4 protein chains.
Amino acid sequence: MLGTLCGVDHHGNRYGRSEAARAAVLEAADDLLVEHGFAGLTIEKIAARAGVAKQTIYRWWPSKVDILLEAFGDDMAEDLTPADHGYLATDLREHLARLADFLTTSDAGAVYRALVGQAQHDPQLATRLRDGHLAAQHARDRLPFERAIARRELVENLDVDLAVERLVGVVHYRVLVTGEPVTREFTDALVDALVLELT
Amino acid sequence: MLGTLCGVDHHGNRYGRSEAARAAVLEAADDLLVEHGFAGLTIEKIAARAGVAKQTIYRWWPSKVDILLEAFGDDMAEDLTPADHGYLATDLREHLARLADFLTTSDAGAVYRALVGQAQHDPQLATRLRDGHLAAQHARDRLPFERAIARRELVENLDVDLAVERLVGVVHYRVLVTGEPVTREFTDALVDALVLELT
Amino acid sequence: MLGTLCGVDHHGNRYGRSEAARAAVLEAADDLLVEHGFAGLTIEKIAARAGVAKQTIYRWWPSKVDILLEAFGDDMAEDLTPADHGYLATDLREHLARLADFLTTSDAGAVYRALVGQAQHDPQLATRLRDGHLAAQHARDRLPFERAIARRELVENLDVDLAVERLVGVVHYRVLVTGEPVTREFTDALVDALVLELT
Amino acid sequence: MLGTLCGVDHHGNRYGRSEAARAAVLEAADDLLVEHGFAGLTIEKIAARAGVAKQTIYRWWPSKVDILLEAFGDDMAEDLTPADHGYLATDLREHLARLADFLTTSDAGAVYRALVGQAQHDPQLATRLRDGHLAAQHARDRLPFERAIARRELVENLDVDLAVERLVGVVHYRVLVTGEPVTREFTDALVDALVLELT
DNA sequence: GTTTAACCGAGACGGTACGTCCAGTCTTCCC
DNA sequence: GGGAAGACTGGACGTACCGTCTCGGTTAAAC
């Protein structure tokens, strides 16, 4: 016969996971987290809210943090990819302001904070979070600096990683630890001080 | 201000709480946190490990984070009060190195990380943590800068808060988020870059 | 001090099981069995009906048949102790009629039938049922015959066990297997045939 | 009435069910019952053991007791049809001994006991069991008596039903209730007492 | 020889109940 | 009155089956 190219050789709806159930669970988890916080986020409530059987959740996600990780998805990549305006200061100012906004006001940011919080109690989650999302975000955070170096705006041997951390680290500190508001003035001052120092 | 034996004014069971029970609970909580992590830290296990009735715990602490807060005690103040060497760079280098050490290697640091993690899910805890410990620590963190200003080593109108955050924030970011090791080289580079910029 | 004779040396309500909870559970189990049958008898429903936490049930009863066994209690002894009228035939006629009544119409009889049914799937229950209740009942079933022997109404070397089984066995067969009604005519005929044969 | 190969009038998949699947299910059910008891007999395990889809089971049998009923089949008729030796006592002695053997040692007997046990919780099953098997068996149990009446060995107006129950009822009682062994001595004694009484 | 319809395996699904763990409250006895 | 002990209600946990469903595949009768 012909080379049955479509579904390889699977049969039955063995691979037929319900997309509706998956989406309902992710949305329910997201909603519950925002509404009732991480403590109010139980598998039972997610199941009830999503109109889904508990078993369906356990079939696909090992724990509630896995649901959050999936719900978190690529939100960070979508929201936090720095634009290129041709000037380091402009790029960084905008990027850092968007980071602050993401962390403090968006739903995805709430999920992110919950995950980082939980990661303090769960080294495995910490590893997955870092490998899965933080590394990629760090690469995106580097972009303005790398473009500035390519533009000769910055010296070639700059420690970009350190520079990145000196910006996003401080914003994270306010969000995760001190809880102080992260204003546009603050992020701008942060960027300006760094740019002044580096150029 | 000497170490007045804390339980000095209770006379037997009749007129006061048992210092032995209090100490046993705090120690048990500390041990369980280090051994089994925050998830393995339940009131029942603390009670069992401490040889104490659950009711005794509930009588004196509203929740398990209160136990941790009390166990955490003034460790931060004791370990993280910056010395005065007469030079800003030296003070900051030493202080930041000790902060890194505290956060990553000490038992108190483990408690602190657990509390900050939990605070992401628990706004009330976040408030208490900030009011009770972080504000005081921030004041201590300012000391090197304030001394340098008094010494005229730094300009008077320096934004000290920002300077502090630009140091401790980055260290916290590594500890709480990226999980990268915080080496002496790293903290020194952080201090040096800032000091160079400010002076 | 005085010889604290009451609670030996127990302290706390360590031995303070709630009689209210116990009674509520037993009654709820009884009711649910009669209303919804053995299949409708779940621990969760017993707990809900009794207004008791599931844990309280699991604390005191290993399984739902244990609840039934306890609810069954001494009902058999109370209802099925044969009276002494001085005549074998009279004693047996009355006793067998009461047995039939117990098995087919009483709540305790419903529990008994459920237990015997379950014992077919559960050898351990079978053993407990036999040792705990059936042996005692068999001893009571023998009484009319033993009194008749004492009275010289029957020969001394009569196989009393066999005689007992030839009466109660047939009634059980109707109740448990064929489901035919066990009328007074039937039990009387059974008794009369046996008594005629033995005397 | 000869053994027409059961599946003779189905032609392939189109108009008929898979005999292989049917047999596998019945055997799996039988095995699981004997190995793990009635509680260990679940549709899922039967399906897994038989290498059959759950749906296939639900397509053909409404419940697991239906599987057992079908697996039980005509075993009773085959094993428990009394032979005709020309003497009432001989016929009954042999028949009752075979009944005892069937109930206590055969696989079909195990299924029978499980079904009778379950019938205590399930009136519908009880009805089907009685209509489907017990009535037929009762008719077979009557045969020795009817032949004896035809032979004038017994009086014509004998209550044959009662006589039958006085034999098989007692054996059932031992098997289902007391669990005592049913020896040949016991069954012979039972028969002899009855025959002596009736003739 | 193609269509076609019933059966089959596989397994995902919404549910119910299981038995366990812990939270937080309570009552009782001892010191 | 504090403390040890522990029973209590309540609720989430993760698991096991239930009975229903949908999906390809297989296969032999029907076309």
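It should be emphasised that the depicted structure is a prediction, and the values quoted were computed from it without experimental measurement. In the text below, chain A, chain B and the rest are named by the order of the sequence lines, each starting its count at 1.
Atom-to-atom, CZ of A:Phe38 to C1' of F:dA12 comes out at 14 Å; the value is rounded to the nearest Å. In this structure, D:Ile67 atom CD1 and F:dG19 atom P are separated by 10 Å, rounded to whole Å. When the P atom of E:dC13 is taken as reference, atom CZ of A:Arg17 falls 7 Å away, rounded to whole Å. In this structure, CD1 of D:Ile57 is placed 16 Å from P of E:dC7, rounded to the nearest angstrom.
With contacts defined as side-chain heavy-atom distances shorter than 4.5 Å, the pair A:Trp61/A:Ile43 does not qualify. Between C:Leu69 and C:His133, some side-chain heavy-atom pair lies under the 4.5 Å cut-off.
Figure legend: C:Arg22 and C:Trp60 shown without cation-pi pairing, the cationic atom not lying both under 6.0 angstrom from the six-membered ring centre and within 45 degrees of its axis.
Listed by chain and residue number, B:Phe72, B:Asp75, B:Phe102, B:Ser106 satisfy the side-chain contact (heavy atoms from CB on, under 4.5 Å) test with B:Ala108 (two or more places apart in sequence, or in another chain).
Under the side-chain hydrogen bond (donor to acceptor under 3.5 Å, both in side chains) criterion, the residue pairs touching residues 109-131 of chain A are A:Asp66-A:Arg128, A:Tyr112-A:His172, with sequence neighbours excluded. Sorted by first and then second residue, the pairs that involve residues 26-35 of chain D and meet side-chain hydrogen bond (donor to acceptor under 3.5 Å, both in side chains), not counting sequence neighbours, are D:Glu35-D:Arg49. Applying the salt bridge (Lys or Arg N to Asp or Glu O under 4.0 Å) test to pairs two or more places apart or on separate chains, those with a residue in residues 37-47 of chain B are B:Glu44-B:Lys54.
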Q: Quick one, give me the B/S/- string for nucleotides 14-19 of chain E, reading 5' to 3', where B means a protein heavy atom under 4.0 Å from the base and S means that only happens at the primed atoms, P, OP1 or OP2.
A: BB-SBB

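End-to-end axis angle of the helix from E:dG1-F:dC31 to E:dC31-F:dG1, using five pairs per end and rounding to 10°, comes to 0°.
Contact annotation for D:Trp60: backbone-only contact, meaning every heavy-atom pair under 4.0 Å involves sugar-phosphate atoms and none involves a base.
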Q. Can you list the steps and then say if A:Leu32 with A:Phe38 is a side-chain contact (heavy atoms from CB on, under 4.5 Å)?
A. CA-CA 8 Å; A:Leu32 284 168; A:Phe38 190 81; over 6 Å; no

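Proximity of a side-chain donor or acceptor of D:Lys64 to a complementary backbone N or O of D:Leu41 within less than 3.5 Å is detected.
For residues 118-129 of chain C, proximity to DNA chain E is found at no residue, defined as any non-hydrogen atom under 4.0 angstrom from a strand atom.
Rounded to the nearest 0.5 angstrom, D:Thr56 OG1 and D:Ile46 CD1 are separated by 13.0 Å.
The two residues A:Ala53 and A:Ala47 have their closest heavy-atom pair at C-CB, 4.3 Å.
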